[in-house]
Amino acid sequence: MMTMCPSCYELYSDIWSKPCCKCTNKTISVSAELIRIVQMLIHRGFKVSYAKCYTDKDQDGKLTQLEIGFSELYLQALFNELPPDWELTDEYPMYDGYALGEPVAVLTCTIEHPPSECDQESIDFQKEISISNLETWLEGKDPDACKSLIVLAGCG
């Protein structure tokens, strides 16, 4: 994991102790694989709070989870026609079993790796495909139009 400034996109290693960048913005936690997607989302006006990617063992192989959390609850209409395996959900920020406020949007992608495709090369390839699909989808979204739609939806 790394941390990134959402304004200047400056990257810091995960051992960086300061929560703020030199431009005084609070940094966000981002997995290296998702840096470009996070930058694209921010450029289009979305308020990203974190982005993580991890792979765990599953009953029938392995499971990779790609997750991009937002600090707003975005409408599904802003994410029409997402690429395969990607979906928009929502969650309540929680601490010690208590909800800390209003729900926020989370963009997720779950990739199942059967036992025959659990080697690191296969996992990395499947992650790259899913990430590339979302990048391509985002490239087709005009930044100014996205910002306008976010404001019109009352999320900005």
(request) Find out whether Leu82 and Leu107 are in side-chain contact, i.e. whether some heavy atom of one side chain is under 4.5 Å from a heavy atom of the other. (result) yes
(request) Treating Ile, Leu, Val, Met, Phe, Trp and Tyr as nodes and any side-chain heavy-atom pair under 4.5 angstrom as an edge, say whether Leu73 and Val48 lie in one connected cluster. (result) no
(request) State the CG-NZ distance between Asp119 and Lys62, to the nearest 0.5 angstrom. (result) 8.5 Å
(message) So does Cys118 get a backbone contact from the side chain of Ser122, meaning a donor-acceptor N/O pair under 3.5 Å?
(response) no
(message) Taking Leu88 as the starting point, is it possible to reach Ile111 by hopping between hydrophobic residues whose side chains are less than 4.5 Å apart?
(response) yes
(message) Using only atom types and a distance under 3.5 Å, with no angle test, would you say the side chain of Tyr74 pairs donor to acceptor with the backbone of Lys47?
(response) yes
(message) Quick check: closest heavy atoms across Asn133 and Pro83, and the distance to 0.1 Å?
(response) O-CG, 3.4 Å
(message) What's the separation between atom CD1 in Ile28 and atom OG1 in Thr3, rounded to the nearest 0.5 Å?
(response) 9.0 Å
(message) Is there a side-chain contact between Trp137 and Met40 in this structure, where contact means two heavy atoms from C-beta onward sitting under 4.5 Å apart?
(response) no
(message) How about CD on Gln65, more than 12 heavy atoms from neighbouring residues, nucleotides or ligands closer than 6.0 Å, or not?
(response) yes
(message) Starting from Phe70, can I reach Leu75 by hopping between I/L/V/M/F/W/Y residues whose side chains sit under 4.5 Å apart?
(response) no
(request) Search all heavy atoms of Cys53 against all heavy atoms of Leu66 and return the closest pair with its distance. (result) SG-CD2, 3.1 Å
(message) Testing the basics here: between Glu91 and Tyr50, what is the closest heavy-atom pair and its distance to 0.1 Å?
(response) OE2-OH, 3.3 Å
(message) Can you give me the closest heavy-atom contact between Val30 and Leu34, atom names plus distance?
(response) CG1-C, 4.1 Å
(request) List the atom of Glu117, the atom of Ile123, and the distance in Å for their closest heavy-atom pair. (result) O-CG1, 4.0 Å
(message) Between Tyr9 and Ile42, is there a side-chain heavy-atom distance shorter than 4.5 Å?
(response) yes
(message) With a 4.5 Å cut-off on side-chain heavy atoms, are Tyr54 and Glu67 touching?
(response) yes
(message) If you compare all heavy atoms of Asp85 against all heavy atoms of Ser130, which two are closest, and at what distance to 0.1 Å?
(response) OD2-OG, 4.4 Å
(request) Kindly say whether Ser49 contributes a backbone atom to a donor-acceptor pair with the side chain of Ser71 at under 3.5 angstrom? (result) no
(request) Quick one: pull up CD in Glu33 and NZ in Lys127 and give me the separation to the nearest 0.5 Å. (result) 4.0 Å
(request) Decide if atom CD of Glu102 counts as having more than 12 heavy atoms of other residues, nucleotides or ligands within a radius under 6.0 Å. (result) no
(message) Measuring only between side-chain heavy atoms, which start at C-beta, is Met4 closer than 4.5 Å to Val38?
(response) yes
(request) Please test Met2 against Ile35 for side chain to side chain contact (heavy atoms under 4.5 Å, CB included), starting from the C-alpha separation and ending with a verdict. (result) CA-CA 9 Å; Met2 305 186 78; Ile35 290 171; 3.9 Å; yes
(request) Would you kindly confirm whether Val104 and Leu41 end up in one hydrophobic cluster when ILVMFWY residues are joined by side chain heavy atoms under 4.5 Å apart? (result) no
(message) Between Arg44 (side chain only) and Leu138 (backbone N and O only), is there a donor and an acceptor less than 3.5 Å apart?
(response) yes
(message) Salt bridge check, Lys141 against Glu81: does any charged N sit closer than 4.0 Å to a carboxylate O?
(response) no
(message) Do Leu134 and Ile68 make a side-chain contact, defined as non-hydrogen atoms from C-beta onward lying under 4.5 Å apart?
(response) yes
